[in-house]
J.: 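Once you've had a glance at the structure underneath, I'll fire off some questions.
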Amino acid sequence: MSLDPLAQSLPASSRQKGRKKPPGLADIATAALSSPASTFRLSESGTFEKGGFQIKASGISATPARHGDFSSLTLSDLSTLHPLGTGACGTVHLARHRPSGTLLALKAIHIMSTQGERHQMLNELRALSSFDHPCLVPLLDAFYLDGSVYLALGYMDGGSLEELLSRHRPVAEGARLAITGLPEPVVGHAVLQTLSALAYLHGRGVVHRDVKPANILLDSQGNVRLADFGISKQLEATFGVARSFCGTAVYMAPERISGADYTQSSDVWSLGMVVVECAVGLHPFAAAQSYYDLVVGLSSGADPPSLPEGLFSAEARDFVAACLRVDPEKRATAEGLQRHPFACAVSGDGTARTPDQLVAGAAFRLRQWLSQTFGGGDG
Ligand code: ADE
């Protein structure tokens, strides 16, 4: 699908010099939360309105100062290139912002017609726009066109951790390695950065709800950013619990499958599953007939997944065990895990380090590994 024909037909930007500044996403979020749902209105003319704000094809936000110079970003200035991925809730395309030449990830989310679903969409925008962290994918702007909201997101040119695993598998097989997963320190570099994002979200009372390798993105500099926070809530509202269960169940914490709400520790379980999958090269339940049966087994005393002894360090095994405690009350926290030796030993140099320095060290070492393994860059 090309968005270009649609974009070309758009009116010129309404945000030229001298015009009144449109409300920022933060204003929108506040309105969405504080006003009654009945004030939503989706007009025939292609404007999504609520209370005092509008989302038009010409854009809505004034947030980009934090994330680069996109103060004049409009949909008609974007050329869509190829799809980056398709999820249950929409497609992400690579797009070029023609005036600056900058690449973006443009995510289309179809807006359902009920008030609840539009609320969810606004909640996602609120969440995305109010966060600013080096390990979260930034929202640059958002647009409404023909029943869909388009989110312009920072582009991560290294793909996802899921893609990295697939790219690495033939390398490991070629080297006749016993396991096809990523080297343990590499998993540590990615996990430390993901933990930094999770600790940031959890510190603000936000649960990600969909931590999985496909949502952990990399760039060629070794930076790792978590994507899609807030999305799974929208999925549930849109397709119902059964659909979102199909999409992401294999990373889902046992308490969630037995009907309890997501909590911050549910994200920590999912991260533990990600670590096992990335280190071993296969999802721990890949061969299972029924994930549901496995989870029921866990609740009745079966051992949670672990890293096999002898193939992995004691630190990595302990990290996974701390994430994959069946009782959510006993799981480690994202904040605490940032100081776990598995996450930080491989990224620091042994001297005392701040979390920010550890994240920078993790990115630096990950970039070196990417360059040594796949070529390009500055090894
Ligand atoms: N896939 C989904 N979101 C993406 C992003 N921001 N960058 C690259 N690929 C993506």
Side-chain angles (χ1 to χ4, degrees), residues 1-3 25 59 61 63-64 66-70 73 75 77-97 100-110 121 124-125 127-143 148-168 190 193-194 196-198 200-201 208-235 238 244 247-248 251 270 274 278 359 363 366-367 370 374 376-377:
M1 177 187 84
S2 168
L3 298 171
L25 283 173
S61 92
T63 51
R66 290 203 310 262
H67 303 301
D69 183 17
F70 286 101
L73 190 63
L75 206 45
D77 280 340
L78 299 181
S79 302
T80 52
L81 305 172
H82 54 82
L84 291 168
T86 305
C89 58
T91 309
V92 184
H93 277 81
L94 181 63
R96 187 183 300 282
H97 179 239
S100 65
T102 308
L103 293 174
L104 311 168
L106 192 62
K107 175 174 193 158
I109 303 174
H110 189 65
M121 186 273 299
E124 185 193 354
L125 290 184
L128 284 166
S129 67
S130 63
F131 300 145
D132 184 16
H133 188 274
C135 301
L136 288 175
V137 172
L139 171 68
L140 306 173
D141 209 335
F143 312 91
S148 292
V149 162
Y150 294 89
L151 304 183
L153 301 159
Y155 170 54
M156 298 295 284
D157 64 358
S160 69
L161 210 46
E162 185 181 47
E163 288 159 357
L164 184 64
L165 265 179
S166 305
R167 274 177 83 198
H168 179 256
Q193 297 183 67
T194 309
S196 179
L198 276 182
Y200 176 88
L201 292 176
H208 183 287
R209 299 163 63 97
D210 201 14
V211 175
K212 57 183 180 181
N215 279 341
I216 298 172
L217 304 182
L218 295 88
D219 69 15
S220 48
Q221 300 305 300
N223 299 302
V224 172
R225 292 180 190 256
L226 190 55
D228 269 3
F229 39 95
I231 293 287
S232 69
K233 266 194 177 180
Q234 174 171 7
L235 263 183
T238 308
S244 74
T248 59
Y251 302 95
S270 305
V274 169
C278 290
V359 164
L366 185 52
R367 183 181 69 188
L370 287 170
F374 302 109

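Order of listing sets the numbers, starting from 1, for every ligand and every atom in it.
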J.: Going from CG on Leu226 to CG on Asp210, what distance comes out if it is rounded to the nearest 0.5 angstrom?
T.: 9.5 Å
J.: What protein heavy atom sits nearest atom 3 (N) of ligand 1, and how far off is it?
T.: Leu217 CD1, 3.6 Å
J.: What residue and atom, counting heavy atoms only, is the protein's closest point to atom 7 (N) of ligand 1, and at what distance?
T.: Met156 N, 2.9 Å
J.: Using a 4.0 Å heavy-atom cut-off, say whether Ala227 meets ligand 1 through its side chain, its backbone, both or neither.
T.: neither
J.: What is the closest protein heavy atom to atom 6 (N) of ligand 1, and at what distance does it sit?
T.: Gly154 O, 2.8 Å
J.: Taking the side chain as every heavy atom from C-beta outward, state whether Cys278 and Leu165 have any atom pair closer than 4.5 Å.
T.: yes
J.: As an exercise, state the distance from NE2 of His97 to CG of Leu78, rounded to the nearest 0.5 Å.
T.: 6.0 Å
J.: For atom 9 (N) of ligand 1, what's the nearest protein heavy atom and its distance?
T.: Leu84 CD1, 3.6 Å
J.: Check for me whether Gly85 has a heavy atom closer than 4.0 Å to any atom of ligand 1.
T.: no
J.: Using a 4.0 Å heavy-atom cut-off, which part of Asp157 comes near ligand 1: side chain, backbone, both, or neither?
T.: neither
J.: Looking only at distances, please establish whether an N/O atom of ligand 1 is found under 3.5 Å from an N/O atom of Val137.
T.: no
J.: Find the distance between CG (Leu366) and CG (Asn223) and round it off to the nearest 0.5 Å.
T.: 8.5 Å
J.: N/O to N/O below 3.5 Å, does that happen between Ala105 and ligand 1?
T.: no
J.: Please examine the side chains of Thr194 and Val274, heavy atoms only from C-beta on, and report whether any two atoms are closer than 4.5 Å.
T.: no
J.: Is the closest side-chain heavy-atom distance between Val224 and Leu161 below 4.5 Å?
T.: no
J.: Ring-plane angle category for Tyr200 and His133, please: parallel below 30°, perpendicular beyond 60°, tilted otherwise.
T.: tilted
J.: Within the 4.0 Å heavy-atom shell around Tyr155, which atoms of ligand 1 are there?
T.: 7 (N), 8 (C)
